[in-house]
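Notes to accompany the following structure.
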Protein chains: 2
Amino acid sequence: MHTLSKNQQIIFDIIDKSREPMKAYSILFNVQKKGIKAPLQVYRALDKLVEIGKIHKIESRNAFIACQNSSCQVSKATAFSICESCEKVTEINNSSLSKYLSNFKDKAGMKYSKYNLEFFGLCKKCITK
Amino acid sequence: MHTLSKNQQIIFDIIDKSREPMKAYSILFNVQKKGIKAPLQVYRALDKLVEIGKIHKIESRNAFIACQNSSCQVSKATAFSICESCEKVTEINNSSLSKYLSNFKDKAGMKYSKYNLEFFGLCKKCITK
DNA sequence: TTACATAGTGTTATATTATAACATTTAAAT
DNA sequence: ATTTAAATGTTATAATATAACACTATGTAA
């Protein structure tokens, strides 16, 4: 296990507590009272947290969420569902899906070490609206 | 079929000719001689081209490539391989993969209308380096 | 425990990516 | 011909992200 540094811990905590993906400058705003004043301090912590799998970046939204899977192994194999109405994002934890994708090989003979999948649609709540 | 407007055609052409994904401001630089002067003119064309499936955005790279599939149907089901060394990006056209993902349903009962998948690794050339 | 290397911090400045707002023009549909 | 929708041109600005440099803390190994 990895021990987080001071800034990493502060920033992880705020993302982990959030019920929705957080953007970098929103994080910055929220941690200024804790002494983190500059964007770079946030981005450096984010980079590290992504690297060790504690958080994931939702690429289509430029936002970050805490990993919902117990383990960090899966930081190289991420899948999310995104509601295009309410913007709720959920990490998908489905072994069939991860097996299928981890074993996927394309014609070009490229061997993949990582993937990121984002599904878009409407969540249950938003469908009925 | 859709007829492209003047700006849309100019911007599609330059992306289509490019052998690598193009970034918005690189596109802007390259079309200034054609009278397109402002970022917004580029972004508006990009938005439309993405909407109609002529190009795709590589989210992890903030860059755009022309659709490599003959049809525009697939604009809602995109998959790419990205070499992390040379940054070569290739659109994956694999019916097993697209069937699997199009039929995928998660526990939450959310029905997906769209997905985007990005694989990362090393291409053949870069493996042997 | 000192020295060395590695990782993390603080700070200022700046680069890159993207949109708001508004006036005008062109194309398409009735 | 008139109306409507789509596209354009323009200026300004918002939002996202990194470069560069000086300094500090932490872990490792002699």
Side-chain angles (χ1 to χ4, degrees), chain A residues 1-15 18 20-65 72 75 82 84 87 89 116 118, chain B residues 1-15 18 20-65 72 75 82 84 87 89 116 118:
Chain A
M1 264 316 278
H2 215 90
T3 306
L4 299 183
S5 75
K6 182 175 127 267
N7 287 1
Q8 289 159 14
Q9 188 68 57
I10 290 169
I11 285 167
F12 175 72
D13 286 344
I14 198 167
I15 296 171
S18 172
E20 55 197 16
M22 291 191 80
K23 299 187 151 240
Y25 277 73
S26 158
I27 293 167
L28 175 58
F29 178 80
N30 279 277
V31 297
Q32 276 176 330
K33 50 200 157 213
K34 304 226 173 187
I36 294 177
K37 291 173 191 160
L40 199 44
Q41 295 175 289
V42 173
Y43 279 104
R44 284 196 286 223
L46 289 173
D47 285 350
K48 190 67 187 185
L49 291 167
V50 166
E51 185 193 323
I52 64 178
K54 297 282 288 180
I55 66 172
H56 304 301
K57 182 172 187 181
I58 309 302
E59 292 287 355
S60 65
R61 299 297 186 262
N62 296 321
F64 300 84
I65 63 169
C72 293
S75 69
I82 302 171
E84 290 186 298
E87 291 293 325
V89 174
N116 180 55
E118 296 180 5
Chain B
M1 266 315 279
H2 214 91
T3 305
L4 299 183
S5 75
K6 182 174 127 271
N7 287 2
Q8 288 160 15
Q9 189 68 58
I10 291 170
I11 284 166
F12 174 73
D13 286 344
I14 197 165
I15 296 171
S18 171
E20 55 197 16
M22 290 191 80
K23 300 189 149 235
Y25 277 73
S26 157
I27 293 167
L28 175 59
F29 178 80
N30 279 276
V31 297
Q32 276 176 331
K33 50 200 159 211
K34 304 225 172 187
I36 294 175
K37 292 173 193 158
L40 199 45
Q41 295 175 290
V42 173
Y43 280 104
R44 284 196 286 224
L46 289 173
D47 284 350
K48 191 68 187 182
L49 291 167
V50 166
E51 184 192 323
I52 65 179
K54 298 281 289 179
I55 65 171
H56 304 301
K57 182 172 187 181
I58 309 302
E59 293 287 355
S60 65
R61 299 296 185 262
N62 297 320
F64 300 85
I65 63 169
C72 293
S75 70
I82 302 171
E84 291 186 298
E87 290 293 325
V89 174
N116 179 55
E118 298 181 6

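By convention in this document, chain letters (A, B, ...) are assigned in the order of the sequence lines, proteins followed by strands, and residues within each chain are numbered from 1.
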Would you mind reading off the distance between B:L4 atom CG and D:dA6 atom P, rounded to a whole angstrom?
15 Å
Could you list the residues that satisfy salt bridge (charged side-chain N to carboxylate O under 4.0 Å, His left out) with B:R61, not counting sequence neighbours?
B:E87
Using only side-chain N and O atoms of B:N62, determine if any of them is under 4.0 Å from OP1 or OP2 of D:dT16.
no
Phosphate OP1/OP2 of D:dT18 contacted by A:Y43 side-chain N/O (<4.0 Å)
no
Side chain to side chain contact (heavy atoms under 4.5 Å, CB included) partners for A:Y25, two or more places apart:
A:L28, A:P39, A:Y43
Where protein sits on nucleotides 23-28 of chain D, one letter per nucleotide: B base, S sugar-phosphate only, - none, heavy atoms under 4.0 Å
------
For A:I14, give me all partners under side chain to side chain contact (heavy atoms under 4.5 Å, CB included), at least two apart in sequence or on another chain.
A:M22, A:I27, A:N30, A:V31
Rounded distance (Å) that lies between atom C1' of D:dA17 and atom CD of A:E59:
13 Å
Can you tell me if A:K48 touches the phosphate of C:dT6, counting only side-chain N or O atoms and a distance under 4.0 Å to OP1 or OP2?
no
State, to 0.1 Å, how close B:N62 and B:K23 come at their nearest heavy-atom pair, and which atoms those are.
O-CG, 3.8 Å
Could you work out how much the helix from C:dT1-D:dA30 to C:dT30-D:dA1 bends, comparing the axis of its first five pairs with that of its last five, to 10°?
50°
Can you tell me how far apart CD1 (B:I36) and CD1 (B:I10) are? Round to the nearest 0.5 Å.
4.0 Å
Contacting residues from residues 23-33 of chain B, given that a heavy atom lies under 4.0 angstrom of DNA chain C:
B:K23, B:Y25
What is the distance, rounded to the nearest whole Å, between atom CD1 of B:I52 and atom P of D:dA7?
9 Å
For B:S60, the side-chain hydrogen bond (donor to acceptor under 3.5 Å, both in side chains) test, sequence neighbours excluded, returns B:E118
Between B:A24 and B:V42, which heavy-atom pair has the shortest distance, and what is it?
O-CG1, 3.8 Å
d(A:K34 NZ, A:Q41 CD) to nearest 0.5 Å is 14.5 Å
Between C1' on C:dT17 and CE on B:M22, what's the gap in Å once rounded to a whole number?
15 Å
Which atoms form the tightest heavy-atom contact between B:L46 and B:F64, and what is the distance?
CD1-CE1, 3.6 Å
Every protein N/O lying under 3.5 Å from an N/O of nucleotides 24-30 of chain C:
none

Quick one: salt bridge (Lys or Arg N to Asp or Glu O under 4.0 Å) pairs with a partner in residues 35-48 of chain B, sequence neighbours left out?
B:K48-B:E51
Quick one: list whatever passes side-chain hydrogen bond (donor to acceptor under 3.5 Å, both in side chains) with B:E20, sequence neighbours left out.
none
Show the distances under 3.5 angstrom between N or O atoms of the protein and N or O atoms of nucleotides 9-13 of chain C.
unit_1, atom_1, unit_2, atom_2, d
C:dT9, OP1, A:S5, OG, 2.9
C:dT9, OP1, A:N7, N, 3.0
C:dG10, OP1, A:K6, NZ, 3.4
C:dG10, OP2, A:N7, ND2, 3.1
C:dG10, OP2, A:Q41, NE2, 2.6
C:dG10, O5', A:Q41, NE2, 3.4
C:dG10, N7, A:R44, NH2, 2.4
C:dG10, O6, A:R44, NH1, 2.9
C:dG10, O6, A:R44, NH2, 3.3

B:L46 CG - D:dT8 C1' separation (whole Å)
15 Å
Quick one: side chain to side chain contact (heavy atoms under 4.5 Å, CB included) partners of B:L4, sequence neighbours excluded?
B:Q8, B:Q9, B:F12, B:L49, B:I52, B:K54
